[in-house]
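See structure below.
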Amino acid sequence: MARAQVRQACDRRLHRRHDRSFRPNRTQATLQGPMNVFAEFHAALAKSLDALVAEGKLQAGLDLSRAVVEPPRDAAHGDLSTNAALVLAKAARTKPRDVAQLLADKLALDPRVAAVEIAGPGFVNLRLKQSVWRDIARAILMLGERYGDGAMGDGKAVNVEYVSANPTGPMHVGHCRGAVVGDALAALLEKTGHTVTREYYINDAGAQVDQLARSVHHRYREALGENPGPVPEGLYPGDYLKPVAEALARELGPKYRAAPEAEWLPVFRTRAVAEMMALIRDDLKALGVEHKVFTSEKRDLVEHGRVEEAVERLKLRDLVYTGVLEPPKGMKPDDWEPRPQLLFRATQFGDDVDRPLAKSDGAWTYFAADMAYHLDKYRRGFVRLIDVWGADHGGYVKRVDAAVKALSEGRATLEVKLCQMVNLLDKGEPVKMSKRAGTFVTLRDVVNEVGADVVRFVMLTRKPDQHLDFDFAKVREQSKDNPVFYVQYAHARHRSALRLAAREFEGLDASEAALAKADLDRLADAEEIALLRLLSSYPRMLEAAAEAGEPHRVAFWLYDLASAFHQLWSRGNAEPAMRFVVPGDRETTLARLALVRAVGVTIASGLRLLGVAPAEELR
RNA sequence: GACCCCGUAGCUCAGCUGGAUAGAGCACUUGCCUUCUAAGCAAGUGGUCGCAGGUUCGAAUCCUGCCGGGGUCGCCA
């Protein structure tokens with residue numbers, strides 16, 4: 001089975017790197033554009049620190065890299081909070097609250113700051129002028145769905161390989177999650193300023209594709225009117241091979257009916273793989289997933305001698321030898337017998353054992369070819385490689401990581417995102433699937449049943465390292481219990497408000513440009529400001545999600561935004577004066593529509609990132 | 001035996017890569033439709049963050065060791 005099966009998490013070691021978006025270096029704030037308040041205030045903090053050093057109030061060389069500027073959990077603590085004083089105190093040999101006072105005095109001079117407080121052990125809490133939040137609404141209206149675009153990636157190339165399902169049949173549900181997570185991750189990286197290449201590795205050189213060819217041959221005989229009996233054990237029994245066989249029967253006639261396998265196998269294999277890849281690409285397209293680069297193990301690597309090249313490269317560094325592996329302990333040794341094998345010294349790069357490169361029949365192992373593929377990516381200029389695999393490939397991570405390190409001489413890094421299993425349910429009951437009986441649920445079935453948008457969103461409603469229940473009954477449900485509809489409903493409601501306003505006010509110009517010019521000082525209610533504040537955290541959330549490689553955060557954030565929006569909407573029930581559309585008050589209506597539209601734009605931006613089309617209406 | 005992942009409210013899960021009284025949905029109790037779609041909103045009940053140590057001004061979060069669940073473990077891919 002391919003790599004794309006399903007569930008779980010990522011190798012934390014690999015993400016522990018460097019900065020939280022808005023943290024240390026000052027150039028970042030400006031690169032990120034004008035919209036990341038948190039980044040801006042981190043920069044302001046650095047400036048304040050410099051000033052204090054210049055005045056001799058603090059010593060030079062203090063490290064702000066561990067300081068964060070974040071929204072406090074409790075709104076009573078203001079709009080922004082920083083732990084800078086706590087982080088600096090020890091090195092500055094000053095009490096945290098004293099450092100906090102120094103910083104507070106400086107930050108108070110910032111024109112955007114309304115009030116500064118020192119709280120607890122030495123947090124500095126800032127309350128910003130409301131104009132800061134209103135400016136955010138204007139900026140969102142002007143930027144449209146570009147809101148949240150960041151420069152964090154600095155245009156650097158990232159290679160994201162995902163799906164890579166074996167070309168032996170249509171995609172099944174298990175492949176969905178990796179496909180969606182990989183695709184959303186790629187989009188997230190693009191959104192944050194990386195240059196992303198989406199890739200798919202076609203595993204078409206092993207024994208499985210020979211079995212595929214034999215399966216097609218069996219069906220071919222059927223198509224010619226023979227009765228070869230049931231599909232033999234070990235072959236692929238699915239009906240999806242029948243059309244392929246029938247086409248071959250039409251095109252080739254009976255000439256391979258009784259021919260020796262060696263004659264027809266390559267022909268059938270090539271054709272079958274091509275057909276399966278066409279099937280898979282169709283399935284992916286139905287899900288809205290499109291890869292740019294497809295690499296064939298057989299055609300692009302094995303037949304071009306790329307595997308030999310990779311092995312040679314390792315040999316030059318004395319990283320290959322012939323040896324005998326120990327049997328794994330604790331497992332029944334069954335048919336184990338010691339054999340000399342061609343091995344890669346993976347242990348020198350953090351793996352637990354050295355790994356075999358060749359099978360006893362002389363063919364390369366899957367690993368050897370995959371190694372060559374990763375070398376190929378590196379040679380094409382990628383030093384940052386991300387692979388999205390199913391959790392059942394967890395045991396494979398270290399060796400590929402070792403290979404990447406060895407082959408790139410430490411210049412390339414590999415991050416593997418493992419996705420846990422998806423349990424397919426209907427009304428809480430497991431959907432029974434039998435591969436043997438050919439009754440497994442295909443990706444296409446699921447997409448046809450509930451739609452690509454729902455599949456995509458639901459696949460992101462759990463962090464990748466958590467198993468996920470996909471319940472047909474539940475995802476069709478149209479209630480707040482279903483996050484997809486909850487978020488879509490918020491977007492549809494924002495449209496509804498705009499439509500209503502157009503009916504209420506003749507000739508109302510509710511274009512973004514017009515709304516940006518509205519008198520936003522009319523947005524003064526605490527809940528309105530809170531909503532603006534939430535909108536302001538979008539770029540920050542995107543960068544954190546990109547940094548962690550966790551696109552599910554976007555889905556959760558959108559749910560929160562939708563919730564805040566529904567809340568404000570409902571205020572209008574009890575307090576008609578709080579409705580978005582206030583009959584007879586054009587100015588207030590425009591101001592509120594500016595907020596409403598900013599919410600809509602942001603939801604659309606987030607959904608688009610996840611590959612989900614925002615709904616105009618829910619009927 | 002080894003490696004990887006998970007363990008947070010009765011249930012399903014978040015928790016912004018170490019911050020201030022641990023959050024949401026479901027479920028249960030109770031309010032809100034002559035109302036911009038109530039497909040929604042509000043309030044209440046409910047938690048020794050698996051256990052035990054450690055690091056830290058500060059731990060659900062980092063480290064170590066246990067316990068429980070899942071995954072993987074030579075010539076499959």
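- B:rA14 and B:rC6 have their C1' atoms separated by 15 Å, with the value rounded to a whole Å.
- An aromatic stacking contact between A:His467 and the base of B:rG70 is absent, as defined here by ring centres under 5.5 Å apart and ring planes under 30° from parallel.
- In this pair, A:His172 and A:His175 present their aromatic rings tilted. The plane angle is within the 30 to 60° band.
- One atom, CG of A:Asn423, and another, C1' of B:rG69, lie 14 Å apart when rounded to the nearest Å.
- Of the side-chain N and O atoms in A:Tyr489, one or more sit less than 4.0 angstrom from OP1 or OP2 of B:rA38.
- In summary, A:Lys398 and A:Asp352 engage in a salt bridge, as defined by a charged side-chain N under 4.0 Å from a carboxylate O.
- With A:His374 contributing its side chain and A:Met371 its backbone, the two residues share no donor-acceptor pair below 3.5 Å.
- Side-chain atoms of A:Arg97 come within 3.5 Å of backbone atoms of A:Gly120 as a donor-acceptor pair (strictly under, hydrogens ignored).
- The line from CZ of A:Phe344 to OH of A:Tyr321 is 10.5 Å long, rounded to the nearest 0.5 Å.
- Of all nucleotides listed (B:rC76, B:rA20, B:rC75), B:rA20 comes nearest to the side chain of A:Pro72.
- Close placement of the A:Tyr486 and A:His566 rings is indicated, their centers lying within 6.0 Å of each other.
- No hydrogens or angles considered: nothing links the side chains of A:Asn166 and A:Thr168 as a donor-acceptor pair under 3.5 Å.
- Taking atom C1' on both B:rC3 and B:rA42, the two are 50 Å apart, rounded to the nearest angstrom.
- A parallel orientation is assigned to the rings of A:Phe580 and A:Phe565, their planes being inclined by less than 30° (bins at 30° and 60°).
- Among the nucleotides B:rA14, B:rG40, B:rG19, the one closest to the side chain of A:Gln466 is B:rA14.
- At the phosphate of B:rC3, neither OP1 nor OP2 sits under 4.0 Å from any side-chain N or O atom of A:His393.
- Contact annotation: the side chain of A:Tyr373 never approaches that of A:Glu297 to less than 4.5 Å [non-hydrogen atoms, C-beta and beyond].
- Distance A:Arg499 CZ to B:rU37 C1': 9 Å, rounded to the nearest Å.
- Nucleotide B:rG47: unpaired (no Watson-Crick or G-U wobble partner with both distances less than 3.5 Å).
- The base of B:rC13 is not paired with the side chain of A:Arg462 by any donor and acceptor separated by under 3.5 Å.
- In the set B:rG40, B:rC76, B:rG74, the nucleotide with an atom closest to the side chain of A:Pro328 is B:rG74.
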Check: protein-nucleotides 56-59 of chain B nitrogen or oxygen pairs below 3.5 Å:
unit_1, atom_1, unit_2, atom_2, d
B:rC57, OP1, A:Lys90, NZ, 2.7

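- Heavy atoms of A:Ala207 sit under 4.0 angstrom from primed sugar atoms or phosphate atoms, though from no base atom.
- Base pairing annotation: B:rG74 forms no Watson-Crick or G-U wobble pair, as no partner gives both donor-acceptor distances under 3.5 Å.
- When atom types are taken as modelled, the side chain of A:Asn482 and the backbone of A:Glu477 share a donor-acceptor pair closer than 3.5 angstrom.
- For B:rA20, its base sits under 3.5 Å from the side chain of A:Asn125 at one donor and acceptor pair at least.
- Residue A:Arg553 is classed as a sugar-phosphate contact, given heavy-atom separations below 4.0 Å to backbone atoms only.
- Applying the 3.5 Å distance criterion, the base of B:rC36 shares no donor-acceptor pair with the side chain of A:Arg493.
- B:rC36 and B:rA22: their C1' atoms are spaced 36 Å apart (whole Å).
- Nearest-nucleotide assignment on RNA chain B puts the 5′-proximal partner with A:Ser496, out of A:Ser496 and A:Ser563.
- Distance from the side chain of A:Arg579 is smallest for B:rC36 among the nucleotides B:rC36, B:rC16, B:rU37.
- As a whole-Å value, the separation of A:Leu88 CG from B:rG19 C1' is 15 Å.
- A straight line from CD of A:Glu326 to C1' of B:rG74 spans 12 Å, rounded to a whole angstrom.
- Going from atom CG of A:Leu618 over to atom P of B:rC36 covers 17 Å, rounded to whole Å.
- A:Lys329 comes within 4.0 angstrom of a base, heavy atoms only.
- Following rounding to the nearest Å, A:Leu460 (CG) and B:rC13 (C1') show an atom-to-atom distance of 15 Å.
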What's touching nucleotides 22-26 of chain B from the protein side, N or O pairs under 3.5 Å?
unit_1, atom_1, unit_2, atom_2, d
B:rG25, O2', A:Asp481, OD1, 3.4

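- Using a 4.0 Å heavy-atom distance criterion, A:Ser81 is classed as a base contact.
- Residue A:Ala119 is classed as a base contact, given a heavy-atom separation below 4.0 Å to a base.
- Dashed line: the shortest gap from a side-chain N or O of A:Gln567 to OP1 or OP2 of B:rA42 is under 4.0 Å.
- Across all strands shown, B:rC41 pairs with B:rG31; the Watson-Crick or G-U wobble distances both stay below 3.5 Å.
- The separation of B:rA27 from B:rC66, taken at their C1' atoms, amounts to 35 Å, rounded to a whole angstrom.
- One interatomic measurement links the two molecules: CD of A:Glu550 to P of B:rU61, which rounds to 17 Å at whole-angstrom precision.
- Judged by closest nucleotide on RNA chain B, A:Glu617 is the one of A:Gln341 and A:Glu617 placed further toward the 5' end.
- A gap of 48 Å separates the P atoms of B:rG19 and B:rC76, to the nearest Å.
- Distance check on atom P: B:rC51 versus B:rG68 gives 15 Å, rounded to whole Å.
- Residue contacts shown for A:Tyr486 are limited to sugar-phosphate atoms, with no base heavy atom under 4.0 Å away.
- Across the strands present, B:rA52 finds its partner in B:rU64; the criterion is a Watson-Crick or G-U wobble pair with both atom distances under 3.5 angstrom.
- Separating the CD atom in A:Glu161 from the CG atom in A:Asp370 is a distance of 6.5 Å, to the nearest 0.5 Å.
- If you take atom C1' in B:rG53 and the same atom in B:rC11, they sit 32 Å apart, rounded to whole Å.
- Of the charged side-chain nitrogens involved, at least one lies within less than 4.0 Å of a carboxylate oxygen, so that A:Arg571 and A:Asp525 count as a salt-bridged pair.
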Give the intermediate values and the outcome of salt bridge (Lys or Arg N to Asp or Glu O under 4.0 Å) for residues A:Lys417 and A:Glu550. CA-CA 9 Å; A:Lys417 311 293 175 197; A:Glu550 296 183 348; over 6 Å; no

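- Minimum atom distance to the side chain of A:Lys463 is reached by B:rG15, of the listed B:rU37, B:rG74, B:rG15.
- The CH2 atom of A:Trp364 sits 18 Å away from the C1' atom of B:rC76 (whole-angstrom rounding).
- Base contact: A:Phe580 has a heavy atom under 4.0 Å from a base atom.
- The side chain of A:Thr365 approaches B:rC75 more closely than any other nucleotide in the set B:rU37, B:rC75, B:rC73.
- With centroids closer than 5.5 Å and planes inclined by less than 30 degrees as the test, A:Trp569 and the base of B:rG40 fail to qualify as a stacked pair.
- Side-chain contact between A:Lys95 and A:Val99: absent, with no pair of heavy atoms (C-beta onward) separated by less than 4.5 Å.
- Evaluation of atom-type donor-acceptor distances gives no pair under 3.5 Å for the side chain of A:Asp392 against the base of B:rG71.
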